[in-house]
Amino acid sequence: MAGSGTMSTSPTGRHHESTPTARTALRALTALVTAALVAGAVHFAELELLTAAMLVAVAGIAVDVRLTARLARVRVRP
């Protein structure tokens with residue numbers, strides 16, 4: 001069907017908004033994965049796991065900042 005894949009630009013269109021619960025779950029999951037990687041790095045004495053833990057932490061922070069900024073933009077719109 002032609003035109004069925006168009007995106008709605010109406011104010012009532014569904015946006016992927018971040019809820020506080022989803023952001024909290026994301027933060028908890030990031031913290032859990034980071035802690036598991038740090039524990040693995042200590043247990044197995046592998047620097048690669050520590051590097052992975054730092055990358056997961058930075059990626060989690062970046063995603064959280066983007067979600068926070070998006071949520072602020074959605075709240076500002078009339």
Side-chain angles (χ1 to χ4, degrees):
M1 289 184 192
S4 63
T6 60
M7 193 162 84
S8 173
T9 57
S10 69
T12 59
R14 299 281 297 162
H15 295 284
H16 295 285
E17 297 176 11
S18 174
T19 63
T21 304
R23 290 174 56 219
T24 302
L26 176 68
R27 289 174 181 166
L29 181 63
T30 302
L32 181 67
V33 171
T34 302
L37 287 169
V38 169
V42 170
H43 179 72
F44 296 115
E46 293 287 337
L47 285 178
E48 291 84 2
L49 291 176
L50 190 58
T51 302
M54 288 188 286
L55 289 172
V56 166
V58 169
I61 291 168
V63 169
D64 188 54
V65 167
R66 279 195 313 239
L67 291 176
T68 302
R70 183 181 301 163
L71 185 60
R73 281 193 304 270
V74 168
R75 288 184 179 168
V76 169
R77 291 182 188 159

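If you're wondering where the values come from, they're calculated on a predicted model, not measured in any experiment.
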Considering non-hydrogen atoms only, spot the tightest contact between Thr34 and Ala53 and give its length.
CG2-O, 3.7 Å

Rounded to the nearest 0.5 Å, how far apart are CZ of Arg27 and CG of Leu32?
16.0 Å

Would you mind telling me which of Leu55, Leu50, Thr51, Leu49 makes a side-chain contact (heavy atoms from CB on, under 4.5 Å) with Leu37?
Leu49

Same hydrophobic cluster for Met54 and Phe44, using side-chain heavy-atom links shorter than 4.5 Å among ILVMFWY?
no

